Amino acid sequence: MCGIVGYLGYRDAYPVIIKGLKRLEYRGYDSAGIALIQDKVEVHKSIGRVQDLEQSISDKDKSGNIGIGHTRWATHGSPTNDNAHPHVSNSGLITLVHNGIIENYASIKTHLEVYGYKFYSDTDTEVLVNLIEYVYKTAKVSLEEAVRIALKKIVGAYGIVVISNEEPDRMIVARNGSPLVVGLGDKEFFVASDATPIVEYTDNIVYLNDRQMAIIGDEEFTLKTIENEVVLPEIKKIDLDIEKIEKGGYDHFMLKEIFEQVSSIHDTLRGRVAIDGKEITLGGISSVIPQFVKAKRILIIGCGTSWHAGLVGEYMFEEFARIPVEVEYASEFRYRNPVINDDDIVLAISQSGETADTLAAIKMAKEKGATVLGICNVVGSSIPRETDSGVYTHAGPEIGVASTKAFTAQVTVLAMMSLLVGFKKGTLSSELYQELIVDLQSLPEKVKAILDKEEQIKELAKEYKDVSNAIYLGRGYQYPVALEGALKLKEISYIHAEGYPAAEMKHGPIALIDENMPVFFIATQDVYYEKVVSNIREVAARKGHVIALVTEGDNLVSEIAERVIEIPSIHESLAPLLTVIPWQLISYHIAVMRGCNVDMPRNLAKSVTVE
Ligand code: F6R
């Protein structure tokens, strides 16, 4: 939610900031803006994307070695020029960019209005910038001190970068709840919401923690707490491949990421399931395996696609480790006063590692004494730093807003975890453990076999691209895949879609079936196969259009369904890793055919750092 970039050094700040904002557009693309320190601070803004901003200022002076930029996902106020960042204080003295939400902005605004402050936007950010100016002027303190005093008065989440006309050689950076990293170059500094805008300049990164501030000036970098205590910065080396954050010949990041699943699943398994080995090793959680084995319950929390991965994990842990599992939306869990016992394990799943609801749920579970583990993709993000231990997914950067390779990597980790715990606990036989390890190793090749069917899937997308509604049905391990298929379709093509357990159809959704309704079934070989085939017959009898995923060699379903896509055979617990892929591809092609912006669907952002 909103991307921030800042630069201070010897280069022209403008190209560094614009390129960085483009990398962060996945965080929001309602408007973009930039402020450059020239004789005084010059601000340019535009509604729409970063490229719209670039065009709108093509003839303007863009010189300056210090600057800040912002790409917005609207929270307070619609996407207008006035609401776009950077925001400037009333006298033009202070300029800032902000990611987050100031919860008590209304009362501060009223207070400032008494002192004659005027507000020209609907944003909470404009209140913050004026509060800093008010403190700066009335307390007659430095910019750093004014920011510190102002931040102590606000309630809410922020990642901010502040510059001023009166101290034109520095930037003040602060974080609480919204991510910010600082890149340390040679006589230059970079600030960003994540490391992707920075990697091509330096691999020395400092992740700001909550309630920390950085004071950045000419060859100066000081890290402090909001309470003004100096903190020794922990400089991390990041290993992020530039190619992985660019499109690499694909039309969209989403398609690239769908195709990357051959390697991302392989990378997730690498070093954990040895090629010729018969063991699973998960270093990140080895110390908590005894706790897992004794656990009376596992609580899995996440949002959206990560929550769907958690549902697959529920089936896995219950089957292999015989531990009861509850899967909760983090947003519900955090406010529900849930019962958490000492011998429960809380497992948080998140691609970005920054989802506000998941973070809040983790903090709450920790306060209640739970052991909290994470399954995350973004190394060094807030969730891995907040959890007791965990396992990274190693899917590589996921830029497309719709999650694809992160889902399969999360399910791969859940498979490894549940198999390992089940084996150690003795609830999973050595034979099945070995068999499933072999199946895990076969995944990349089977994923490739499905991706090879892209043309067939594209043809199918052509037939159904104009529908207004769709239903996705699956049972057991495939029920979460039905939910995920529906989510993918609705979020990028704006077609209304619902996922259900197939057997639930008769309890209501069947009323929707008519000659206009496509129903996407998962009818692979598992214990539910016969029953799902009956559901397919019921839909066909009502003239619904059946599109079905079946296991290779299935001859029955093709007699009833309009279209079938064959999936390589695999143990049913791992089949979601294969069946989700045709649904990703169908959604992608339908969305492209409908002219939708698949990488940046309307109203969405990749990293949901607000409630
Ligand atoms: C859907 C999607 C979202 C995310 C959700 C959680 O394609 O991407 O539903 O899964 O916002 O995000 P993370 O996994 O970053 O916590």
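Whatever order the structure lists ligands and atoms in, that order sets their numbers, starting from 1. Every value quoted in this text rests on a predicted model; they were computed, and no experiment measured them. Both backbone and side-chain heavy atoms feed into the values below; hydrogens, waters and symmetry mates do not.
- The protein non-hydrogen atom at the shortest distance from atom 11 (O) of ligand 1 is V608 CG2, 3.9 Å.
- Checked against a 3.5 angstrom limit, the closest N/O atoms of T358 and ligand 1 fall outside it.
- Distance from atom 6 (C) of ligand 1 to its nearest protein heavy atom, with residue and atom name: C303 O, 3.3 Å.
- In this structure, R334 does not pair ionically with E328, as no charged nitrogen and carboxylate oxygen lie closer than 4.0 Å.
- Here's the thing with T355: one of its N/O atoms is less than 3.5 angstrom from an N/O atom of ligand 1.
- Listed by number with element, the atoms of ligand 1 under 4.0 Å from a non-hydrogen atom of S306 are 10 (O), 13 (P), 14 (O).
- Rounded to the nearest 0.5 Å, atoms CZ (F320) and CG (L436) are 5.0 Å apart.
- Closest to atom 3 (C) of ligand 1 by heavy atom, among T305, V378, D357, is T305.
- Taking every non-hydrogen atom of S350 and a distance limit under 4.0 Å, the qualifying atoms of ligand 1 come out as 13 (P), 14 (O), 15 (O), 16 (O).
- In terms of protein heavy atoms, atom 15 (O) of ligand 1 is closest to S352 OG, 2.6 Å.
- Here R72 does not pair with D30 in a salt bridge; the nearest charged N to carboxylate O distance is not below 4.0 Å.
- Applying the 4.0 Å criterion to heavy atoms of Q351 picks out, from ligand 1, the atoms 13 (P), 14 (O), 15 (O), 16 (O).
- Under a 4.0 angstrom heavy-atom cut-off, E354 registers as lying outside contact with ligand 1.
- Relative orientation of the F520 and W583 rings is perpendicular, given thresholds of 30° and 60° on the angle between their planes.
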